[in-house]
Structures are given as structure tokens and as C-alpha cells.
Amino acid sequence: MLIIEKDIKSKIDQLWNKRPLIISGPCSAETEEQVMQTAQRLAATGKVDMLRAGIWKPRTKPGMFEGVGAKGLPWLKKAKQLTGLPVTVEVATAKQVEDALAFDVDVLWIGARTTVNPFSVQEVADALRGADVPVLIKNPVNPDMELWIGAVERVARAGVKQIGLIHRGFTSYGNTEYRNAPMWHLAIDMKLRHPGLPFINDPSHICGRRDILLDTMQKAIDLDYDGLIVESHIDPDNAWSDAKQQVTPERLAEMLDLIIWRKEDINSEEYHAALEKLRQQINHLDDELMQILGQRMRVAEQIGDYKRQNNITILQTSRWNEIIERAFQKGDKLGLSKEFITKYFDAVHMESINHQKKIMDS
Ligand code: PEP
Ligand code: MN
């Protein structure tokens with residue numbers, strides 16, 4: 001099959017609205033043979049929409065494999081022509097944008113280590129001016145939503161019309177289950193703020209290992225992500241970068257078959273009626289919770305009044321520890337996690353302190 005660039009452009013426009021959008025390919029392009037074989041085996045699954053491959057690899061430490069560089073671009077072009085799969089590559093500098101566009105890379109992505117740096121994002125954005133190419137923007141390595149939003153704005157201001165988001169998790173100190181903590185709540189917040197932008201999950205860089213990939217992919221689908229970008233390799237264990245998290249094209253296809261594809265909404269009337277009833281219940285319960293929280297604040301204010309008269313500090317650590325211990329015990333029986341209890345009580349406590357402070361200052 002020989003692909004004409006004009007056809008690919010209209011294919012990209014279709015893919016932009018395809019759900020789920022599945023992108024896969026090696027962490028890094030290593031050799032022409034590896035790129036060709038991966039692309040062909042991915043295309044043979046019939047389940048992949050776009051080929052990814054890192055050409056320039058930002059590595060934390062020098063001396064690691066930093067990508068084959070521009071010499072890998074013709075391999076990608078050839079892989080596209082053979083399989084019909086559009087290709088996407090990470091770019092971090094103006095020169096890389098220029099080189100990638102010269103070889104008709106169809107979609108560019110900005111990596112997590114670039115999103116974190118406004119100078120680099122601006123350089124890439126400036127290089128994109130006037131180019132009609134979609135750009136996917138990964139979250140920054142640190143959980144700073146403003147940097148991610150800032151990168152979207154910089155790229156949008158450069159005139160890029162098709163922008164998508166990739167959630168690849170956040171660096172966290174200490175050993176955790178994940179290579180990069182997903183912090184789903186932050187990602188969902190970003191998704192809600194940009195409802196028009198395709199929102200893609202990168203389970204490979206979140207997990208850092210293949211045994212928990214499928215669970216993470218399922219979670220993303222359950223959270224109504226628009227697509228997945230998953231690293232695949234013809235010989236994962238011997239990949240030149242990110243070996244532990246890559247899977248073969250065939251294993252990827254198997255995992256995609258195992259996923260339960262849930263829809264955001266269905267049209268059946270019964271389903272809507274049942275859901276509506278449950279939603280009403282939730283509304284009633286939320287109203288009650290608010291009433292009770294209001295009452296709790298009134299009691300806190302009375303305590304504040306008492307503390308003011310007796311010249312006692314607002315914050316009393318021992319009392320706070322007692323409250324939270326009690327809540328952990330009760331919460332455990334009710335199936336509420338310690339993480340939730342801590343967050344909830346921190347918020348309630350802060351609000352109480354603010355109410356008491358007003359009374360103390362009055
Ligand atoms: C990658 O996709 O291979 C990559 C380097 O990702 P990230 O920017 O998420 O670390
Ligand atoms: Mn990688």
C-alpha cells in the first residue's frame with residue numbers, strides 16, 4: 001500500500017474524532033528493521049490507529065540511549081507508507097520540529113520534561129507557527145496543572161488548531177506501585193477544564209511495568225478517556241529504553257480485547273430512569289451532608305466563642321489527633337479509605353478553624 005500525504009491528512013482529521021483512539025509503537029526507534037516490524041505487526045492487529053516512536057529521547061542521566069536522532073525519521077516515513085498508519089514523534093526544540101515536519105511526521109507530541117519548561121514550550125510553539133499539524137501535550141513531570149494549561153495556551157496561541165492532552169502520571173518521591181503516580185483527580189480536573197480536547201492516557205509511563213498495564217488501561221476507559229498511547233516493541237525485554245513497560249504488538253491487541261469498553265452514556269429509557277432515581281438519592285444525601293456540615297460549623301463557632309472568652313488557642317493538636325483517629329476507626333467500618341478521611345477531615349477542620357477565627361477576631 002502506498003500512502004499519499006493528502007490522504008493521511010484527512011485520515012488524521014477522522015482519527016481526531018475516533019473513540020477510542022489507540023496509539024502504539026516503541027518507546028524509541030532503534031533500527032530501521034525494528035521500526036518496520038513493529039509497525040507491520042501493529043497494523044496486522046487492526047486495532048491501532050497511529051504509530052508512535054521516540055527519535056530524540058530526553059533521558060534523566062547522560063550516557064543512556066538518547067535516541068537515533070533525525071536518521072530515524074525516514075524509517076517512520078517508510079513505515080507509514082507500508083502500513084498506512086500515521087506517525088507521531090516527540091519534539092522538544094525548534095530544530096526537532098523542523099526536522100519532523102520535513103519528514104511529514106503527522107502528529108507531534110510534547111514530552112513531560114518539556115511541558116515543565118515554559119522556555120522550551122515557547123520555542124516549540126514558535127516553530128509550529130504556520131504549520132498545520134496536530135500536537136499532543138503530555139502533563140508536566142510535576143503535578144502543576146498551571147504548567148500544563150500554560151503549554152496548551154502557548155501552543156494554541158501559535159495557531160495550532162488540533163491539540164490533544166496525554167496523561168502520563170507525575171513524579172513522586174519514594175517507591176510507589178507506579179513509575180509515575182497517576183493522580184487521577186488532577187488529570188480529570190484538566191479533562192473537565194478542556195472538554196473539547198482529546199484526552200489520552202499513557203499507561204506505559206504511569207506503570208513503568210507491564211504487569212499492571214491492563215488494570216490502568218481499564219481504569220482510564222472507565223474514566224471516559226478518549227484514547228490510549230501504549231508502548232510496544234517486537235522484543236520488549238531487549239528494548240533500548242523503557243524495556244520493563246513495553247509489550248509486543250500481539251499482547252497489546254490481547255489487552256485491548258480484554259478491556260471492557262464502557263460508554264459515557266446510553267440511550268435506553270429504563271437505564272435513564274434508574275439512573276435518574278439514584279441521582280436524586282445522591283442529591284438528597286448531598287443536601288443532608290451540607291445541612292449537617294452547616295450545623296457542625298455553628299457548633300465550632302460556639303467553641304470559638306468559648307475559647308475567646310478563656311484566651312485559648314484555636315488549634316489544639318491533641319484534640320485534632322483524637323478526632324482523626326476516631327474517624328479512621330469509624331470510617332474503616334463504613335468502607336471509607338484513610339486517604340479520603342484524611343482529605344475530608346483536613347477540609348472540614350480548615351473550614352472550622354476559619355469560622356472560629358472569625359469569632360475570635362470579632
Ligand atoms: C515517551 O513517551 O517515551 C516519553 C519520554 O514520555 P514522557 O515524556 O512521558 O516521559
Ligand atoms: Mn518511553
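Numbering of ligands and ligand atoms starts at 1, following listing order. Reckoned from all heavy atoms, side chains included, excluding hydrogens, waters and symmetry mates.
- More than 12 heavy atoms of other residues, nucleotides or ligands shown are found within 6.0 angstrom of CZ on R59.
- Between H167 and W184, the ring planes are perpendicular. Angles over 60° get that label, and only those under 30° would be called parallel.
- Nearest N, O or S atom of E231 to the Mn ion (ligand 2): atom OE2.
- Residue K357 places its NZ atom among 12 or fewer non-hydrogen atoms of other residues, nucleotides or ligands, all under 6.0 Å distant.
- Shown in contact with G111 at under 4.0 Å from a heavy atom are these atoms of ligand 1, numbered in order with element: 8 (O).
- Residue R113 has at least one heavy-atom neighbour below 4.0 Å for each of these atoms of ligand 1: 7 (P), 8 (O), 10 (O).
- If you number the atoms of ligand 1 from 1 as listed, the ones under 4.0 Å from a heavy atom of C27 come out as 3 (O).
- Counting Ile, Leu, Val, Met, Phe, Trp and Tyr side chains that sit under 4.5 Å apart, directly or through other members, W320 shares a hydrophobic cluster with L293, M297, I323, I324, F328, L334, L336, F340, I341, Y344, F345, V348.
- In I282, the CD1 atom is not crowded: 12 or fewer heavy atoms of neighbouring residues, nucleotides or ligands sit closer than 6.0 Å.
- Considering each of R168, H205, R179, E231, the one bringing a non-hydrogen atom nearest atom 9 (O) of ligand 1 is R168.
- The R52 neighbourhood of ligand 1 comprises atoms 1 (C), 2 (O), 3 (O), with distances under 4.0 Å to a heavy atom of that residue.
- In this structure, atom 6 (O) of ligand 1 lies nearest to the protein heavy atom K138 NZ, 2.9 Å.
- Nearest N, O or S atom of D242 to the Mn ion (ligand 2): atom OD2.
- With salt bridges taken as basic N to acidic carboxylate O contacts below 4.0 Å, none links D215 and K219.
- Of all protein heavy atoms, the one closest to atom 3 (O) of ligand 1 is K57 NZ, 2.8 Å.
- Taking Ile, Leu, Val, Met, Phe, Trp and Tyr as members and joining any whose side-chain heavy atoms lie under 4.5 Å apart, directly or through other members, M350 forms no hydrophobic cluster with any other residue.
- Taking 4.0 Å as the cut-off between side-chain N and carboxylate O, R129 and D126 count as a salt-bridged pair.
- In terms of polar-atom proximity, defined here as any N/O pair under 3.5 Å, P58 makes no such contact with ligand 1.
- The closest protein non-hydrogen atom to atom 8 (O) of ligand 1 is A112 N, 2.8 Å.
- Among protein heavy atoms, the minimum distance from atom 5 (C) of ligand 1 is reached at E90 OE1, 3.6 Å.
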